[in-house]
Amino acid sequence: MTGLLPDAGALAERMTGFLEAPGFAPLALLVAFLAGAAHAVQPGHGKTLAAAYLVGAQGRVRDAAYLGASVAAMHTVSALVIALAWTFLSLSDHLSMARLTGGLGVVAGVIVVVLGLWMLRGWCAGRRHGHGHGHGHEHGHGHEHGHGHGHGHGHGHGHGHGHGTVDRPGLWLLGVSGGLVPAPAAFVLLVSGIFSGRSGFALLLVVVFGAGMALVLFGVGLLALGGRTFVLRGLGDRAWLHRASRVGPLLAALGVTVAGCVLSAVAVGNLLAA
C-alpha cells in the first residue's frame with residue numbers, strides 16, 4: 001500500500017515550503033492531505049491494535065470512524081501544544097525533541113496497557129453476568145372447560161444475547177495513544193508557520209494532514225470489520241464457531257495488553273538512549 005502513496009518525507013518538505021509561497025492554498029491542502037495519508041500508512045499509530053480492538057470488541061463502522069477521527073484529533077492537538085510550548089515557553093531550552101517524543105512514547109504505551117486491562121476487565125464482567133450466550137425456554141399449557149370446548153396454548157421463546165463491548169472511552173484511549181506523538185512534519189510546519197506569521201494557514205494544513213491520517217485509519221478499521229464478517233459468514237452457524245467467538249475478545253484483550261507492554265518497553269529504551 002505504501003507504493004500507492006507519494007513519499008511522506010518529500011510531501012512534508014513540500015507542505016512546509018507552501019508557507020513561503022502564498023497563492024497555492026488548494027494545492028497545499030491536497031499535499032497536506034496526501035502527506036497525512038502517507039504518514040498513517042507508515043508503521044505506528046496503532047493500526048494493528050485498532051484492528052484487534054475493533055474485531056475483539058465486535059465494533060461497527062461508526063466505531064472505526066470514531067477511532068480514526070480521535071487519532072487525527074489527538075495528533076493535531078499534540079502537535080499544536082508542543083509547537084506552542086516549543087516556541088513561546090522555551091521548551092527547547094529544557095528538553096530535547098528526542099527526549100520529549102520518547103517520553104510521549106512511554107505514555108502512549110502505558111495507555112495501551114491500560115486499554116488492554118480495560119478490555120480484560122470487560123470480558124471478565126461479561127462472563128460473570130452471562131453475556132454472550134443464548135438461551136431458550138418453552139412453555140406449554142392446556143385447559144379444558146366443562147361447557148364443550150377446549151383450549152390449548154403453546155408458547156415458545158428464544159433469547160439470544162450478543163452484546164458488543166465497544167466502549168467510547170476505550171476508543172478514546174486508543175485514539176489518544178495513536179496520536180499522542182505528533183509527526184515531525186506537523187511539528188515543523190506549525191513552528192515554521194508561527195515564525196513566518198502564517199500560523200493560521202499552518203494550523204489548517206495540520207488539520208488537513210490529520211484528515212488524511214483519519215481516512216487511512218478508518219479504512220484499516222473497515223478492512224478489519226469486513227474481514228471478520230466475511231469469515232463468520234463463510235464458516236456458517238457452527239457450534240465451535242460460537243465457542244471461539246467467546247474467546248475472541250479475551251485473545252484481543254491479552255494481545256492489546258502484551259502489545260502495550262512491548263511498546264512501553266521499547267519507548268523506555270529509546271528514552272534512555274536519547
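We're numbering straight along the sequence, starting at 1.
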Verify the cluster assignment for Val114 and Trp172: are they in a single hydrophobic cluster under the rule of side-chain heavy atoms below 4.5 Å apart?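 Yes, same cluster.
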Side-chain heavy atoms under 4.5 angstrom apart, residues restricted to Ile, Leu, Val, Met, Phe, Trp, Tyr: same cluster for Leu115 and Val107?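 Linked within one cluster.
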Side-chain donor-acceptor pairs under 3.5 Å in residues 255-274, sequence neighbours left out?
{"residue": "Thr257", "atom": "OG1", "partner": "Gly116", "partner atom": "O", "Å": "3.4"}
{"residue": "Thr257", "atom": "OG1", "partner": "Ala253", "partner atom": "O", "Å": "2.8"}
{"residue": "Ser264", "atom": "OG", "partner": "Gly109", "partner atom": "O", "Å": "3.3"}
{"residue": "Ser264", "atom": "OG", "partner": "Val110", "partner atom": "N", "Å": "3.2"}
{"residue": "Ser264", "atom": "OG", "partner": "Gly260", "partner atom": "O", "Å": "2.8"}
{"residue": "Asn270", "atom": "ND2", "partner": "Val266", "partner atom": "O", "Å": "3.3"}

Give me each pair satisfying ring-ring contact (aromatic ring centres under 6.0 Å, His included) with a member in residues 200-222, each pair once, sequence neighbours excluded.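 Checked against ring-ring contact (aromatic ring centres under 6.0 Å, His included) - neighbours excluded - the pairs reaching residues 200-222 are His39-Phe209, His75-Phe209.
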ring-ring contact (aromatic ring centres under 6.0 Å, His included): which pairs involve residues 81-114, sequence neighbours left out?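 Found Trp86-Phe187.
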Minimal non-hydrogen separation, [X] against [Y], with atom names:
X: Ala202; Y: Gly193; value: CB-CA, 3.8 Å
X: Leu104; Y: Pro182; value: CD1-CD, 4.2 Å
X: Ala72; Y: Gly210; value: CB-O, 3.0 Å

Taking the side chain from [X] and the backbone from [Y], do they hold a donor-acceptor pair closer than 3.5 Å?
X: Ser177; Y: Leu173; value: no
X: Ser192; Y: Val188; value: yes
X: Thr101; Y: Ala98; value: yes

Do the non-hydrogen side-chain atoms of Leu91 and Leu100 ever get within less than 4.5 Å of each other?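 Leu91 vs Leu100: side chains touch.
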The test is side-chain contact (heavy atoms from CB on, under 4.5 Å); show your working for Leu203 and Leu80 and say whether it passes. CA-CA 8 Å; Leu203 179 59; Leu80 178 60; 4.2 Å; yes
